[in-house]
Chemist: 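Structure provided below as C-alpha cells; questions to follow.
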Amino acid sequence: MATIHVARPDDLGPALREIRTAEGITQSALAQLADVGRQWLSTFEMGEKPSAPLDMVMRIIAALDVSVTLSRPAPPAPVDEEEPVDLDALIDGVDA
C-alpha cells in the first residue's frame, strides 16, 4: 500500500494521479472502479476540486489502495527585511 502526504486540499488530486499513473491504471478504469465520472476525476486530479465530496475522494483512495496522511501546511517563509529598493534609481540606471 502506497502512502501519500498532503498538506493542502488541492495537492490531493495530483498526488493520487501520480499513484494511478505509476500503477498503469487509466482514468476511465479508476473512474469505473471508484464509481465517479471520468471528467470529474480528470478535474480532481488536476487539483481543481479542493472541496471535492469526501465520499468520492474516499472511493478513489480505496480503489487505489492508498493510505493518505494529512498535515498542516508549512508556515509562510519569513519576509526578508532587506533595505528597500529605489525603483526610480533602477529605472534611471543609477545606483541608489
Side-chain angles (χ1 to χ4, degrees):
M1 174 184 292
T3 300
I4 58 174
H5 303 278
V6 179
R8 298 175 352 161
D10 53 348
D11 290 340
L12 182 56
L16 291 172
R17 179 184 185 278
E18 285 184 32
I19 298 293
R20 177 185 62 75
T21 57
E23 293 186 9
I25 301 171
T26 65
Q27 275 187 342
S28 295
L30 179 57
Q32 187 173 19
L33 284 170
D35 194 25
V36 300
R38 196 211 53 82
Q39 184 60 44
W40 180 90
L41 178 59
S42 175
T43 306
F44 173 69
E45 286 186 342
M46 294 181 70
E48 296 176 4
K49 292 207 175 278
S51 61
L54 186 57
D55 65 321
M56 294 173 82
V57 174
M58 294 301 292
R59 290 195 308 257
I60 293 167
I61 290 168
L64 289 173
D65 192 29
V66 173
S67 173
V68 177
T69 302
L70 304 176
S71 61
R72 290 185 189 159
V79 177
D80 190 10
E81 297 190 21
E82 291 182 9
E83 189 174 318
V85 175
D86 184 346
L87 293 177
D88 290 325
L90 286 175
I91 291 170
D92 293 338
V94 178
D95 289 332

Chemist: Kindly work out whether a path of hydrophobic side-chain contacts (I/L/V/M/F/W/Y, heavy atoms less than 4.5 Å apart) joins M58 to I60.
Modeler: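 Linked within one cluster.
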Chemist: Would you list the atom pairs, donor with acceptor, under 3.5 Å between side chains in residues 22-30 and any protein atom, with sequence neighbours excluded?
Modeler:
unit_1: T26; atom_1: OG1; unit_2: A29; atom_2: N; d: 3.0
unit_1: Q27; atom_1: OE1; unit_2: R38; atom_2: NH1; d: 2.8
unit_1: Q27; atom_1: NE2; unit_2: E45; atom_2: OE1; d: 2.8

Chemist: Mind checking the CG-CD spacing from L64 to E18? Nearest 0.5 Å is all I need.
Modeler: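 Here the rounded value is 12.0 Å.
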Chemist: Of all heavy-atom pairs between A31 and G37, which one has the smallest distance, and what is that distance?
Modeler: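 Between these two residues, the closest heavy atoms are CB-C, 4.0 Å.
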Chemist: Hydrophobic clustering (ILVMFWY, side-chain heavy atoms < 4.5 Å, transitive) - are I61 and L70 grouped together?
Modeler: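 Yes, one cluster joins them.
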Chemist: Rounded to the nearest 0.5 Å, what separates atom CG in L41 from atom NZ in K49?
Modeler: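 Output value for this atom pair is 11.0 Å.
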Chemist: Are M46 and I4 connected in a single hydrophobic cluster, I mean Ile/Leu/Val/Met/Phe/Trp/Tyr linked by side-chain heavy atoms less than 4.5 Å apart?
Modeler: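 Shared cluster, no.
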Chemist: Would you say CZ of R17 has more than 12 non-hydrogen atoms from neighbouring residues, nucleotides or ligands within 6.0 angstrom?
Modeler: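 No, not enclosed.
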Chemist: Looking only at heavy atoms, which two atoms of P14 and F44 are closest? And how far apart?
Modeler: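 In this case the closest contact between P14 and F44 is CD-O, 4.2 Å.
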Chemist: Does anything in residues 57-70 pair up under side chain to side chain donor-acceptor pair (under 3.5 Å), and if so which pairs, sequence neighbours excluded?
Modeler: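 Residue pairs with at least one partner in residues 57-70: D55-R59.
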